[in-house]
Structures are given as structure tokens and as C-alpha cells.
A.B. asks: 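Handing you this structure, nothing more for now.
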Amino acid sequence: MTEPANTPSPVRVRFAPSPTGLLHVGGARTALFNWLLAHGQARREGRDGAFLLRIEDTDRNRYVPGAEQGIVDILGWFGLVWDEGPDAGGPRGPYRQSERTDLYREHAALLLERGHAYRCFCTPERLQRVRDEQTARKQPPGYDRLCRDLTLEQIEAYVTAATPYVVRFRMPLDGETPVYDLLRGEMVFQNVNLEDLVLLKSDGYPTYHLANVVDDHLMEISDILRGEEWIPTAPVHVRLYAAFGWEAPRFAHLPLILAPGGGKLSKRHGSTAMEEFRAQGYLPEALMNYLALLGWRFDGSTEMFSKEDLMAKFTLERVNASPGTFDYNKLRWFNQHYINHVLTLDDLTLRVMPFLAEAGLIAPGSSSPEHLEFSRVRPVVALLKDRLETLADAPDLMGYFFQPDLEPYDPALLVPKKMSRDDALAALDAVAAVLPDTDLENEEATEARFRALADTLGLKPGSLFMPVRVAVTGRTQSPGLFGTLRVIGAERVQSRIAMAIKRLRAWTAEEPSAAAAGTRV
Ligand code: GLU
């Protein structure tokens with residue numbers, strides 16, 4: 001087998017997840033690269049490019065109900081659209097393997113007929129015994145091929161007795177199998193190391209290997225982009241294509257995604273599933289940009305790529321075979337960048353709203369500009385967006401804009417450093433007195449007014465601003481004070497200042513020593 005000649009049109013690729021749980025970021029990257037090859041590179045080159053979604057659900061032991069819908073949802077959220085798939089339909093369907101089992105049985109029968117496969121009647125107990133003995137002898141465990149050369153009479157006897165069997169692939173016992181990989185070049189495998197893999201299980205369901213090869217052929221897949229974990233069985237697949245008399249698709253095995261300290265990225269390093277990142281307030285745009293860079297590079301220095309940029313620039317030639325390291329901090333950085341510099345304010349508002357609703361801060365309802373809370377949320381987002389790293393930061397960061405009453409805060413916060421309790425009270429009293437005829441909508445005028453008040457009281461402006469800030473927000477840090485006052489609105493500002501004055505008085509009376517000592521943050 002040599003390097004495939006000129007790439008024929010069209011390009012048909014597939015993402016073939018097994019519905020066994022959440023979608024790992026590595027799977028999402030595989031889906032993304034497939035999609036970019038079909039909808040980006042191929043179409044740019046004037047070829048037809050189709051991206052298929054195929055659900056590989058024939059392993060009933062690992063099947064998780066609801067996982068398929070979850071994968072469909074999260075891929076849609078991520079921003080990938082498939083041309084053919086279980087829901088989209090298409091000319092090569094069905095696209096769910098559990099609906100194609102007859103096809104696999106027919107194809108297994110074909111291989112049996114041609115002598116490329118054989119029935120294996122070994123019981124699970126025997127197979128286990130063989131493996132135990134091999135392990136005891138320090139040999140690699142594997143099937144000892146007992147049934148490979150049964151006579152016709154033996155086979156008939158087993159079949160007549162209705163002995164359960166699996167169908168195994170008859171691998172050549174010697175020689176080698178080359179696999180050409182678009183990213184790695186030719187890889188050569190010694191057949192002596194390869195097993196007679198099971199193709200059809202005793203329950204009549206195919207294994208991944210049979211179903212995958214049959215489907216990739218029948219669905220006319222031109223390029224297989226999948227994870228590097230499938231390299232070891234790729235030579236068996238290549239042999240299977242040959243046994244059927246089919247031309248194999250091109251292969252590209254995508255590099256592993258490593259954890260920050262090395263090793264394969266897994267649960268114990270942190271979140272690994274797309275659903276988790278979504279729940280934590282990551283944007284699909286940021287994830288797409290970040291995941292594209294885990295294995296693909298453009299010029300080695302450009303890092304910001306929108307979906308459109310990726311479609312315009314992605315080429316398989318620039319996908320790297322060496323593993324990338326998943327950097328949580330960098331992903332966070334990308335997310336913050338998209339929040340701050342890429343999304344429009346309206347768009348960001350719509351994405352923040354479900355997080356605020358979830359926290360009970362605004363009324364629930366689907367996120368749309370018609371939502372009655374939209375106009376209340378938008379100015380708050382405008383004030384605070386540069387402090388948002390993820391959408392999930394919003395409830396904590398923005399809560400005081402929406403809560404009718406502040407959560408209890410330490411009254412000591414109302415008394416800034418080097419200020420006495422009386423100074424703070426005087427400042428708050430003075431502000432309370434001017435508020436009823438201060439137009440908070442006019443930030444500049446409000447600021448001038450507050451500065452003049454500070455001057456009259458003999459305070460630095462900051463010493464007057466801080467008690468006001470704490471009174472109105474319950475914290476010592478907030479966005480610009482006058483923007484904050486404007487957005488919170490006159491009524492709530494007044495009631496919160498009145499409340500602060502009350503609490504500061506009560507607190508002073510209860511804890512005179514602390515107040516006298518000027519306890520603060
Ligand atoms: N169902 C396999 C998986 O879950 C697909 C592997 C392939 O793309 O061939 O990874």
C-alpha cells in the first residue's frame with residue numbers, strides 16, 4: 001500500500017461517537033476537525049464536503065440512555081452542523097448502528113463464505129482460562145485461535161447443537177500490514193502481533209470493528225479523522241477493507257490531548273466534558289478557538305480564530321501528530337477575551353441571562369431580547385463584562401444589582417481605613433440628604449456633587465465614595481461608583497443608604513470598642 005494518489009472528490013467525513021456518556025473535549029476536537037475538513041478545506045478547494053454524524057451504539061453494555069440526545073445537543077451548542085445523521089437523514093442512512101444490524105450480519109456472512117472469517121465456539125470461561133494461563137507464562141493475553149481451523153464436520157456439529165459462537169476475523173499469521181496515515185506517513189504492523197478480532201458477537205451484534213468498517217464503506221467516507229487510540233486496530237481495519245475487496249478511506253489519527261502535568265487528560269485533572277464547560281459558563285466560540293489550536297496551527301503565532309476564520313484557514317496539512325496539552329488557564333483566557341472583545345453586548349446579555357435566572361436573580365424564561373428582564377440585565381452586563389471570565393461568574397458578580405435587599409454584610413466595611421465611624425456616618429447622611437434631588441442618570445453631575453460634599457465635610461473624595469459603595473453594593477469592590485449608582489437606580493440606592501446608616505448606628509452601639517478602634521477590612 002502506498003500513499004494514496006490525488007485526492008478524489010468529494011470529501012465525506014464522519015463523527016462517530018458511542019453514546020456512552022458526556023462528550024469529551026477530545027471528541028469535540030475530532031468532530032471539529034472533521035467538520036472543518038468537509039465544510040472548510042474541501043469546499044474552499046471546490047470539492048463537495050459532507051460531514052456526517054453516525055451513532056455507534058452497538059455495544060449494549062456501555063450504552064447510556066439519553067447520551068445520544070446529549071451528544072446531539074452539545075454538538076449543536078458547539079456550533080457544528082451535520083449534513084447527514086440520525087435526525088438529519090440522508091441518502092446513506094440509517095445513521096444509528098443499532099438500526100443497521102442486518103447489514104453487519106450479512107457482511108459477516110460474506111466474510112465467512114469467503115474464508116476471511118471463522119466461527120469461534122469457545123466459551124467465555126475457556127477464553128478466560130487461556131488468558132490466565134498466558135498471563136501466568138508472562139505472555140501477552142490473546143485468543144489462541146483454537147477454532148480457526150475447525151473441520152467442516154466439527155463446525156456442523158457445533159451449529160447443530162446450537163452452540164453459541166462469535167465470528168472472528170482471520171488475520172494473516174505472518175507478513176506485515178502497512179497503514180498510511182495522513183499525519184504520520186506509513187506505519188508498518190507485524191501481523192504476528194495482531195489478533196483474530198471478534199467481528200460479530202454471540203448476541204448477533206457487531207463489534208465496533210465490523211460495524212465501523214462496513215459503515216465507512218457504505219456511507220462512502222473518504223477520510224477518517226479519529227483519535228490516536230484507534231491506531232493499534234487500524235491494521236485490522238485495513239485488512240478488513242481488503243477482505244471485502246473495498247478501497248480503504250484515508251486515515252488521519254489525531255494526537256492525544258494531554259493533561260497539564262502530562263498523561264492523558266482525564267477526570268482527575270478537572271473537567272473534561274463539553275457539557276461541564278458549558279455549565280461552567282464557557283462560550284462555544286472560545287472552546288472552538290481553543291480546541292482548534294490543540295493539534296492545528298496556522299502560522300504558529302496567530303491565536304485568535306473565529307469559526308469563519310477556521311473555515312477559511314483550516315487545512316489538514318497543518319494538523320500536528322504530536323500531542324497537545326490542555327491548559328485550563330489558557331482556555332479561561334480565551335473565554336474572557338471572547339466575552340470582552342468579541343460578543344456584542346446584546347449577545348453577551350442573552351448568554352448571561354440563563355445563569356442569572358438559574359441563580360434566582362431574574363425571572364426565568366427563554367433567553368431573548370423580548371424577555372422582560374433583558375433591559376434590566378443589559379446595563380449591568382455593560383458595567384461588569386470586563387470582570388467576567390466565565391458566564392457562571394455572573395450571579396456572584398452581579399447579584400446586588402438584582403436582589404431587592406442586599407445580603408447581610410459586615411458593617412465594619414462601611415468605615416474605610418483612617419476614618420472614624422462618625423466620619424462614615426456623616427458622609428452617608430450627607431449623601432442621603434442630597435439623593436432625592438440628584439439625577440443619578442447623569443453620572444458626571446452626581447460625581448461633581450459628591451466631590452463637593454466631601455470637600456465640605458473635609459474628607460478625601462475616596463473616603464466619601466467608599467461608604468457609599470459598600471452601602472449600595474455590600475462590598476468594597478464594584479465597577480465605577482457612578483455607573484453602579486445609575487444602574488441600581490435612585491429608589492434602591494436611597495433605601496440601601498438608609499439601611500446602611502441604620503446598621504452603622506446599631507453596630508456602633510453594640511460594638512463600641514470595635515468602632516472606636518476603627519475595625520475594617
Ligand atoms: N465509536 C468510536 C468512538 O467512540 C469511533 C471511532 C472511529 O472514529 O472510528 O470513538
Side-chain angles (χ1 to χ4, degrees), residues 11-38 50-64 67-72 74-75 80 82 84-86 92 94-101 103-104 107 169 179-184 187 197-199 201 205-241 244 246 248-257 264-266 272-275 291 295 316 319:
V11 169
R12 287 176 60 82
V13 293
R14 82 312 193 264
F15 178 54
S18 302
T20 55
L22 303 179
L23 181 64
H24 191 277
V25 284
R29 187 200 50 180
T30 298
L32 174 64
F33 285 9
N34 273 290
W35 179 80
L36 286 171
L37 178 61
F51 173 60
L52 283 67
L53 177 66
R54 182 173 76 223
I55 301 297
E56 302 209 327
D57 59 349
T58 58
D59 187 344
R60 302 321 277 180
N61 296 325
R62 295 179 62 223
Y63 180 79
V64 174
E68 175 185 327
Q69 191 54 47
I71 290 169
V72 163
I74 200 78
L75 284 174
L80 303 187
W82 42 99
E84 296 170 34
R92 298 281 173 267
Y95 296 90
R96 201 177 279 119
Q97 289 188 328
S98 56
E99 294 166 17
R100 301 169 63 84
T101 49
L103 276 171
Y104 309 128
H107 282 84
F169 188 49
V179 176
Y180 187 82
D181 182 285
L182 294 168
L183 308 180
R184 296 151 210 271
M187 300 181 283
L197 289 181
V198 174
L199 301 178
K201 294 176 276 188
Y205 271 90
T207 58
Y208 153 73
H209 308 288
L210 178 66
N212 190 268
V213 165
V214 167
D215 284 351
D216 281 341
H217 175 73
L218 296 180
M219 294 180 182
E220 297 177 37
I221 297 303
S222 61
D223 298 80
I224 294 179
L225 269 59
R226 63 180 170 197
E228 163 179 321
E229 64 273 24
W230 299 106
I231 289 179
T233 45
V236 182
H237 293 197
V238 166
R239 287 283 168 188
L240 263 171
Y241 283 103
F244 282 118
W246 298 334
R250 289 177 290 266
F251 291 99
H253 290 92
L254 303 174
L256 281 182
I257 297 182
K264 202 176 164 187
L265 181 70
S266 71
T272 55
M274 293 294 278
E275 290 85 344
L291 289 178
L316 194 56
V319 173

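Ligands are counted one by one from 1 in listed order, and the atoms in each one are counted from 1 as well.
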A.B. asks: Run the ring pair (Phe, Tyr, Trp, His ring centres under 6.0 Å) test on H107 and F244 for me, step by step, so that the C-alpha distance in whole Å, both residues' side-chain angles and the decisive distance to 0.1 Å come before the verdict.
C.D. replies: CA-CA 8 Å; H107 282 84; F244 282 118; 5.5 Å; yes
A.B. asks: Residues in ring pair (Phe, Tyr, Trp, His ring centres under 6.0 Å) with Y208, at least two apart?
C.D. replies: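 With sequence neighbours excluded, Y208 shows a ring pair (Phe, Tyr, Trp, His ring centres under 6.0 Å) to W230, H237, given in chain and number order.
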A.B. asks: With sequence neighbours excluded, tell me which residues meet side-chain contact (heavy atoms from CB on, under 4.5 Å) with L22.
C.D. replies: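 With neighbours one apart ignored, the set is A273, E275.
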A.B. asks: Can you name the side chain to side chain donor-acceptor pair (under 3.5 Å) partners of D59, sequence neighbours left out?
C.D. replies: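 Once residues adjacent in sequence are excluded, D59 has no partner under the side chain to side chain donor-acceptor pair (under 3.5 Å) criterion.
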A.B. asks: What residues sit with at least one heavy atom under 4.0 Å from ligand 1?
C.D. replies: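 Residues R14, A16, S18, E56, Y208, N212, R226, W230 each place a heavy atom under 4.0 Å from ligand 1, listed by chain and number.
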A.B. asks: Check this for me, if you would: do R62 and E56 make a salt bridge, where the nitrogen-to-carboxylate-oxygen distance has to be below 4.0 angstrom?
C.D. replies: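 No, no charged N to carboxylate O under 4.0 Å.
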A.B. asks: At their closest point, which heavy atom of P19 faces which heavy atom of D57, and how far apart are they?
C.D. replies: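 Closest approach of P19 to D57, heavy atoms only: CG-CB, 3.6 Å.
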